[in-house]
Amino acid sequence: GSSDLLGLTSNGSDMPKGFFDHSIASAAGASVVAREAGLRPADAFSAGLLHDVGAALLYRSARSRWQETIVTEGDAYYTSLKAERAVFGAGHDELGAEVLSYLHFPPSIVDIVRRHNEDPDLIEERLTSVVVAGIALAESDGTNSTSQPIENVAHAIETAGLAVSKIPELTLSLRDEVDELRALLR
């Protein structure tokens, strides 16, 4: 529904490479962490799925300028927030939040999209911390980010109020949920 509303499709033909895989894994990670933290998994899932919508919109609307924001590391690449702000005057996080706000998405989802790239220590809202931890968990399990990756999964998990010792268990749950989602989307 949201993809259609925003003019995005799941076939991936006009999206940054790996965008949908990253979105699905981030949504699953956010859901898994939320469940463990005692929060509503559906809210975290939705925010995880939408967190990089601004990146997709920048890619779709200004691909040649978007290319100027790319950082390459080995086989992986992602966009630099600093470069996005220099090229577009705003980052994908800000743009995505503005678009979702305009479309009357819940303020909690808008806030998560706006703040998902912030230092976890600066995030006060628990659901935002949980979603950031879920995104970090997905990235630490090998899902390439299409935007600047979260550097320290252990710190993100701790900031969400969970023990670092839970990471292996959370990772297994993440993999199960991603497999279920992929089967559902086939």
Side-chain angles (χ1 to χ4, degrees), residues 1-10 12 14-16 18-31 33-34 37 39-63 65-71 77-139 143-152 155-156 159-160:
S2 295
S3 291
D4 292 339
L5 182 65
L6 296 167
L8 309 174
T9 61
S10 63
D14 201 24
M15 291 289 115
F19 176 79
F20 283 104
D21 287 338
H22 175 67
S23 296
I24 288 169
S26 295
S31 176
V33 175
L39 299 178
R40 289 175 34 111
D43 293 343
F45 181 92
S46 297
L49 191 63
L50 292 168
H51 79 280
D52 272 346
V53 69
L57 294 171
L58 288 173
Y59 179 86
R60 296 276 312 261
S61 64
R63 190 168 309 165
R65 291 176 61 209
W66 180 85
Q67 298 283 348
E68 297 172 35
T69 69
I70 293 175
V71 173
Y77 75 89
Y78 59 87
T79 60
S80 158
L81 280 173
K82 183 177 179 181
E84 285 176 356
R85 290 181 177 120
V87 171
F88 296 106
H92 73 276
D93 46 2
E94 299 159 279
L95 173 67
E98 289 302 316
V99 169
L100 295 181
S101 178
Y102 177 79
L103 295 171
H104 305 289
F105 274 73
S108 61
I109 301 294
V110 172
D111 186 59
I112 291 166
V113 170
R114 183 180 317 281
R115 300 190 71 201
H116 76 272
N117 286 308
E118 287 185 18
D119 179 337
D121 289 326
L122 302 177
I123 298 171
E124 296 175 8
E125 173 59 43
R126 181 98 192 276
L127 183 58
T128 304
S129 294
V130 162
V131 172
V132 168
I135 296 166
L137 186 70
E139 292 172 355
T143 301
N144 289 333
S145 180
T146 51
S147 62
Q148 199 158 331
I150 298 167
E151 298 284 326
N152 188 336
H155 183 64
T159 304

Practice task
Please identify each residue that fulfils salt bridge (charged side-chain N to carboxylate O under 4.0 Å, His left out) with D111, with sequence neighbours left out.
Solution key: none

Handout entry: Gap separating the OG1 atom of T79 from the OH atom of Y59, nearest 0.5 angstrom
Key = 12.0 Å

Practice task
Report yes if the side chains of T159 and I123 come closer than 4.5 Å at any heavy-atom pair, otherwise no.
Solution key: no

Problem - Partner residues of E139 under the side-chain hydrogen bond (donor to acceptor under 3.5 Å, both in side chains) criterion, sequence neighbours left out - result: S145

Practice task
Write down the atom of W66, the atom of A55, and the distance for their closest heavy-atom approach.
Solution key: NE1-O, 4.0 Å

Please tabulate, for the side chains in residues 87-103, all donor-acceptor contacts under 3.5 angstrom to protein atoms that are two or more places apart in sequence or on a different chain.
residue	atom	partner	partner atom	Å
H92	ND1	E84	OE1	2.8
H92	ND1	E84	OE2	3.2
H92	NE2	D52	OD1	2.9
H92	NE2	H116	NE2	3.3
H92	NE2	N117	ND2	3.3
H92	NE2	S147	OG	3.4
D93	OD1	R85	NH2	3.4
D93	OD2	R85	NH2	3.2
E94	OE1	R85	NE	3.0
E94	OE1	G91	N	2.7
E98	OE2	R114	NH1	3.2
E98	OE2	R114	NH2	3.2

Fill in the blank from the handout: A30 and F45 have their tightest heavy-atom pair at CB-N, 4.4 Å

Handout entry: Residue pairs, two or more places apart or on separate chains, that pass side chain to side chain donor-acceptor pair (under 3.5 Å) and touch residues 121-132
Key = D121-H155

Exercise for the section: Could you tell me whether a side-chain N or O of R115 sits under 3.5 Å from a main-chain N or O of V132, the two making a donor and an acceptor? Expected result: no

Practice task
Output the distance between atom CD1 (I112) and atom CG (D43), rounded to the nearest 0.5 Å.
Solution key: 8.0 Å

Problem - Least distance between heavy atoms, S31 atom then A44 atom - result: N-CB, 4.2 Å

Problem - Heavy-atom side-chain contact between L50 and F105 under 4.5 Å - result: yes

Exercise for the section: Evaluate the side-chain proximity of Q67 to I70: yes if any heavy-atom separation is below 4.5 Å, no if none is. Expected result: yes

Problem - Validation row: I135, H22 side chains within 4.5 angstrom (heavy atoms) - result: yes

Exercise for the section: Name all residues meeting the side chain to side chain contact (heavy atoms under 4.5 Å, CB included) criterion together with P107; count only those two or more places apart in sequence or in a different chain, and write none if there are none. Expected result: none

Exercise for the section: State, to 0.1 Å, how close S26 and G48 come at their nearest heavy-atom pair, and which atoms those are. Expected result: CB-O, 3.7 Å

Practice task
Mind checking side chain to side chain contact (heavy atoms under 4.5 Å, CB included) for S23 and listing every partner two or more places apart, or none if nothing turns up?
Solution key: F19, L49

Exercise for the section: Answer yes or no: are there more than 12 heavy-atom neighbours, outside R40 itself, under 6.0 Å from its atom CZ? Expected result: no

Handout entry: Where F20 and M15 come nearest, the two heavy atoms and their spacing
Key = CE1-CG, 3.3 Å

Practice task
Mind checking the OH-OG1 spacing from Y78 to T69? Nearest 0.5 Å is all I need.
Solution key: 11.0 Å

Practice task
Could you pull out the closest heavy-atom pair between A133 and A160, with the gap in Å?
Solution key: CB-CB, 3.8 Å

